[in-house]
Trainee: 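Right, I'll just put the structure down here and ask away after.
Note that the structure is predicted; figures quoted are calculated from it, not measured.
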Amino acid sequence: MSEQESQPDLVLRGGQVYTVDAARSWARAVAVRGSAIVAVGTDADVTALAGPRTEVIDLGGRMLLPGFTDAHVHASAGGLERLRCDLSDAHGLADYLAIVRDYAGRNPAVEWITGGGWAMDVFPGGAPSRHDLDLVVADRPVFLSNRDHHAAWVNTRALEIAGVGASTQDPPDGRIERDGDGAPAGTLQEGAMGLVERVVPRPGLADQVAGIAAGQRYLHSLGITSWQEAIVGDYAVIPDCYDAYLEADRAGLLTASVVGALWWQRGAGIAQLDGLAERRSRAESAGRFRATSVKIMQDGVCENFTASMLMPYLDPDGHGDGGSGTSFFDAAELMAAVTAIDARGFQVHFHAIGDRAIREALDAVAAARRANGPGNGRHHISHIQVVHPDDLPRFRGLSVLANCQPLWACNEPQMTDLTLPYLGPVRAGWQYPFGSLLRSGAQLCFGSDWPVSSPNPLWELHTAVNRTVPPGYPYADPGEGEVFGPDERIGLADAIAAFTIGSAYVNHAESVAGSIEPGKQADLVVLDRDLFAQPPGEIALAQVDLTFAGGKLVCDRLSGL
């Protein structure tokens, strides 16, 4: 290699470079050649490597971090929602209806009005009515998923087209909310979404690729350079994005590194493993997309009482007879499935929110360990909302990673109105035990679950450190409410590690991403300030100025890229 060829293409100097390496060391400058980091050190040492063609960016004291890795996100669905009827930036019935009316007016040729992002706490009991939607769109069907994609809001026309009426029975894994006369009220919980979703036109390949591109642009603007796509397969309102990711990668549109979690279909049994293995094999030739994980959804969510609990939910009078939620796989079936998946070399990515579902997931991993040995699956449990204290040390003991969605760990209306009254004070204190998990030796990774909630890592870092609503969060007033579970707060260094090297580890990518070290991929994010130099309550005020993915500038806030 000639001297000119060995010179870096890019030097970032004059910054507060927090490398997140094993020593958690600091530097001042970084050099990049091609897609890789080639030097990390002082301004003088790194700048001396620059040649006449090297672009030099003076950071002016700004902070440089490894690019964030989101360990649980629905980038494809989130991108599609941004291109459709997107309610995620609003928070009120009048605003929702105005957005739906405006979207329908601007898109008269659209057969179905689809999209989503509504918040449950806006509606009594978390259940919106079809009659409200009928006021703004009566002639076309409307199907809008909520923020967490565990329920859908539909109008009368959608129910008519799907043939769903008063005589329609609830499916085993869902519930139709009903009016007093038994007719569907307009909210479909969990598996009941499929009663209407099955007749909603599926997006075409080009639409899905456009959704991935839109989602990627948004995530890059927040400093996210890699992620795990949490459902790849046909699940209710989330269309199968497998072919779209392969096409986006083939067309050179994919600048992020993505691991797909292949959806484990309920009722299909272990026979589906051959098809998932074939999908994994087909993706091996892709450049930036791999399909090495399997997603198992073990329960629902607390807000609609479908999260699987060891003890019943409380009813509105405070009695413990509100049901115990739903485990979508019984314990024996789950153990058999996880053991088979693990034996085929897949990672298992669990959705488990209730304490019973979390215990069942841990029990299933334990069964796989007994049958298959230690393995290298790096199985992880997402959401971990209510964790029984007896199960905290099992994460480390079984080498199961805790996949945290930190933005949920605060006193916002969905928590205070729809969750706390039905859990009771003891279980309320078991929620999102990030600090306890760390103290027990568990390894954390962070994800957003976007579009369920914002993918903004700075909001999520703020909440993990403070356990308060971040400034700017649209669903709650940051001036209200107490610290949520103060003993579960974690330090900023641990929070940053969870969102960088911790999440890269989940993706089996810690050798190439997650820290700023020579030889690693140049996934980098420049913040407008040093987070460690700010009061903890101001973490969320920081902004992403620049994002690099594989050495390529993919976001420049100041120039509008």
Trainee: Among all residues two or more places apart in sequence or in another chain, which pass the side-chain hydrogen bond (donor to acceptor under 3.5 Å, both in side chains) test with Asp355?
Mentor: none
Trainee: Just to verify, which of Val544, Thr547, Asp545, Val526 counts as forming a side chain to side chain contact (heavy atoms under 4.5 Å, CB included) with Arg557?
Mentor: Asp545
Trainee: Do Gln298 and Ser308 have side-chain atoms, one donor and one acceptor, less than 3.5 Å apart?
Mentor: no
Trainee: Do the charged groups of Arg378 and Glu510 touch, with an N to O distance under 4.0 Å?
Mentor: yes
Trainee: So that I can tick it off, tell me whether Lys520 and Asp21 are bridged by a salt bridge, with the cut-off set at under 4.0 angstrom between side-chain N and carboxylate O.
Mentor: no
Trainee: Taking only residues two or more places apart in sequence, or in another chain, which ones meet Ala343 in a side chain to side chain contact (heavy atoms under 4.5 Å, CB included)?
Mentor: Asn372
Trainee: So, Phe143 versus Trp112, ring centres under 6.0 angstrom or not?
Mentor: no
Trainee: Please identify which of these residues, Arg290, Gln228, Arg288, meets the side-chain hydrogen bond (donor to acceptor under 3.5 Å, both in side chains) condition with Ser257.
Mentor: Arg288
Trainee: Under the side-chain hydrogen bond (donor to acceptor under 3.5 Å, both in side chains) test, which residues partner Glu229, sequence neighbours left out?
Mentor: Tyr245
Trainee: Can Gln347 and His380 be counted as having a side-chain donor-acceptor contact under 3.5 angstrom?
Mentor: yes
Trainee: Judged by atom type as modelled, is there a donor-acceptor pair below 3.5 Å linking the side chain of Arg356 to the main-chain atoms of Leu310?
Mentor: no
Trainee: Taking the side chain as every heavy atom from C-beta outward, state whether Leu527 and Leu458 have any atom pair closer than 4.5 Å.
Mentor: yes
